[in-house]
Amino acid sequence: MLEALDLDAVQQRVYEALVDGAVTVPELQGGLGLSVPRLRSTLRALEGLGLIERVVGGRREPDRFLPVEPDVAFSALLTAREEELQRARRHVHHLTARFRTTTEVRDPLDVVEVVVGRAAVIQQVDQLQRTARRLVRGIDRPPYVNSDPDRHDPRTGMMPLQAETMRRGVAYRALYDAEGLATFHSPHSDILACADLGEEARVLPHAPTKLLLADEQTGVLPLRTSPYEVASCIVVHASGLLEALCAFFEVLWERALPLSDFLSDTPHPAAHGLPPDDARLLALLATGLTDQVMARQLGVSHRTFQRRLSAVIERLGASTRFQLGMMAARLDIGGPGVQPGPDRVGP
């Protein structure tokens, strides 16, 4: 425990034995099992650090060693270590300024790195969170590279690194894919734990890609999205490309549904007495087809489709058509003949 103050294990054991009541070399030797030369050298070291005091014994009495009260004894050591850390912190800030100055004139080819291998991808994701100072933004969707049980808190299901990062004051904004949220997350464990630490969360019906952004300095996204895999990734450093990724996230954020709305209890449309045609309209809406294509699927004009859509929105109490689509996606409403095709649009 005291290694941070440059005490080795033997010095710590001897000091703690003195705190517990031992005062002479024979008493310490009997309790610790150390050789007399090792014990005496350790006592000299502790005395030099100002942690113990020697009381010279009489003609027939051994020297006695008394511990200085820990609050007093370690105060100077703690102060010195804190000053060292402050100097180190100032030097790190200086190095960061030099690094950023260098990166502003870096070769354009260095703006993007390709990382290959699952372990290397995990390392990049962890490093991004550790270097974040203000804000981490992410798009969460399957598959999950951090899905191993040892990568999660067994009690909350949350990744300890995210909890550690949030506790040091870094904000998190997460966009969850609706299917990934329903399949791989639990609103009563990891989602709740993230929310308790202050994570802002919204939901997309179909998240287009995984993405992680640290401030406006670094971004990580998969190298391939079709077929989807996480065996490789792209690391993007401060550049116009990273600015575009940040803007892309903000566009999706504005279109996403707040997590609280997504998780709120929503009655099944059948409970509202929806006619079969309106239920099919709702199912089509969940596929992301354009209005014109959905109107053709239903065999009605575009104007009639818009009128029926407005009526369904009003009947279900949705505030927007996007929220209505989220309801349909969450309830897994579908029917025969409802298949997304080439007219499908993004979230």
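One is the number of the first residue; the rest follow in order along the sequence.
- At a threshold of 4.0 Å, the pair R44-E47 does not count as salt-bridged, since none of the basic side-chain nitrogens sits closer than that to a carboxylate oxygen.
- In this structure the side chain of L213 never reaches within 4.5 angstrom of the side chain of V136, judged on heavy atoms.
- Comment: R54 engages D63 in a salt bridge, judged by a side-chain N to carboxylate O separation of less than 4.0 angstrom.
- Residues V36 and R40 have side chains in contact (heavy-atom distance under 4.5 Å, counting atoms from C-beta outward).
- Between R303 and Q306, the closest side-chain pair of non-hydrogen atoms is not below 4.5 Å.
- In this structure, OG in S301 is found 13.0 Å from CZ in R296, a value given to the nearest 0.5 Å.
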Problem - Stepwise side-chain hydrogen bond (donor to acceptor under 3.5 Å, both in side chains) check, E199 with Q162 - result: CA-CA 10 Å; E199 180 186 85; Q162 179 179 347; 2.9 Å; yes
Exercise for the section: Evaluate the side-chain contact (heavy atoms from CB on, under 4.5 Å) criterion for residues Q124 and V121: first the C-alpha distance (whole Å), next the side-chain angles of each, then the deciding distance (0.1 Å), finally the verdict. Expected result: CA-CA 5 Å; Q124 287 295 332; V121 172; 5.8 Å; no
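- Using a 4.5 Å heavy-atom cutoff, the side chains of L18 and L28 are in contact.
- Looking only at atom types and distance, the side chain of Q127 has no donor-acceptor partner in the side chain of Q123 under 3.5 Å away.
- Rounding to the nearest 0.5 Å gives a distance of 10.0 Å between CG of L46 and CZ of F65.
- Transitive grouping of hydrophobic side chains (ILVMFWY, heavy atoms separated by less than 4.5 Å) keeps V56 and V25 in distinct clusters.
- Linking ILVMFWY side-chain heavy atoms closer than 4.5 Å, directly or via other members, places L257 and V251 in two distinct hydrophobic clusters.
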Practice task
Kindly indicate, with the supporting measurements, whether the criterion side-chain contact (heavy atoms from CB on, under 4.5 Å) is fulfilled by V300 and R308.
Solution key: CA-CA 10 Å; V300 298; R308 286 174 53 182; 3.6 Å; yes
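- Between E250 and R173 there is a salt bridge, since a side-chain N of the basic residue sits under 4.0 Å from a carboxylate O of the acidic one.
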Exercise for the section: May I have the step-by-step check of side-chain contact (heavy atoms from CB on, under 4.5 Å) for V55 and L66, ending in yes or no? Expected result: CA-CA 8 Å; V55 178; L66 303 176; 3.9 Å; yes
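- Connection of V68 to V14 is not established within any shared hydrophobic cluster, with ILVMFWY side chains joined at heavy-atom distances below 4.5 Å, either directly or through further cluster members.
- Put simply, the side chain of L252 reaches to within 4.5 Å of the side chain of I139, judged on heavy atoms.
- Between E216 and R137 there is a salt bridge, since a side-chain N of the basic residue sits under 4.0 Å from a carboxylate O of the acidic one.
- Between S75 and D71 the shortest heavy-atom distance is CB-O, 3.3 Å.
- With contacts defined as side-chain heavy-atom distances shorter than 4.5 Å, the pair V235/T218 qualifies.
- A donor-acceptor contact shorter than 3.5 Å links the side chain of R141 to the backbone of A207.
- With respect to the salt-bridge test (charged N to carboxylate O, under 4.0 angstrom), the residues R87 and E82 do not qualify.
- Test P222, C233, P142 against K210 for side chain to side chain contact (heavy atoms under 4.5 Å, CB included) and you get one pass: P222.
- Residues V220 and L128 approach most closely at CG2-CD1, 3.6 Å, considering heavy atoms.
- E254 places none of its side-chain heavy atoms less than 4.5 Å from the side chain of F249.
- Annotation for A295 and F305: closest pair CB-CB, 3.9 Å, computed over non-hydrogen atoms.
- Minimum heavy-atom separation, R202 to A256: CB-CB, 3.6 Å.
- L78 and L49 fall within a single hydrophobic cluster, where Ile, Leu, Val, Met, Phe, Trp and Tyr side chains are chained together by heavy-atom contacts under 4.5 Å.
- Taking CG of D140 as the reference point, atom CG of L211 lies at 11.5 Å (rounded to 0.5 Å).
- Under a hydrophobic clustering in which Ile, Leu, Val, Met, Phe, Trp and Tyr are joined whenever their side-chain heavy atoms come within less than 4.5 Å, directly or via other members, V19 and V10 fall into the same cluster.
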Practice task
Could you please spell out the steps behind the salt bridge (Lys or Arg N to Asp or Glu O under 4.0 Å) verdict for R81 and E84?
Solution key: CA-CA 5 Å; R81 182 50 53 91; E84 290 178 9; 3.1 Å; yes
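- In this structure, CZ in R118 is found 13.5 Å from OG in S232, a value given to the nearest 0.5 Å.
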Exercise for the section: Take I313 and S310, measure what side-chain contact (heavy atoms from CB on, under 4.5 Å) needs, and give me the verdict at the end. Expected result: CA-CA 5 Å; I313 290 176; S310 298; 5.7 Å; no
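- Distance check: H302 NE2 to R307 CZ gives 12.5 Å after rounding to the nearest 0.5 Å.
- To the nearest 0.5 Å, atom OH of residue Y172 and atom CG of residue L197 are 10.5 Å apart.
- Nearest heavy atoms, P67 versus Y15: CB-CE1, 4.0 Å.
- Taking each heavy atom of A45 and Q11 in turn, the nearest pair found is CB-NE2, 3.4 Å.
- Between V114 and L223 the shortest side-chain heavy-atom distance falls below 4.5 Å.
- In this structure, the side chain of R133 engages the main chain of T131 through a donor-acceptor pair within 3.5 Å.
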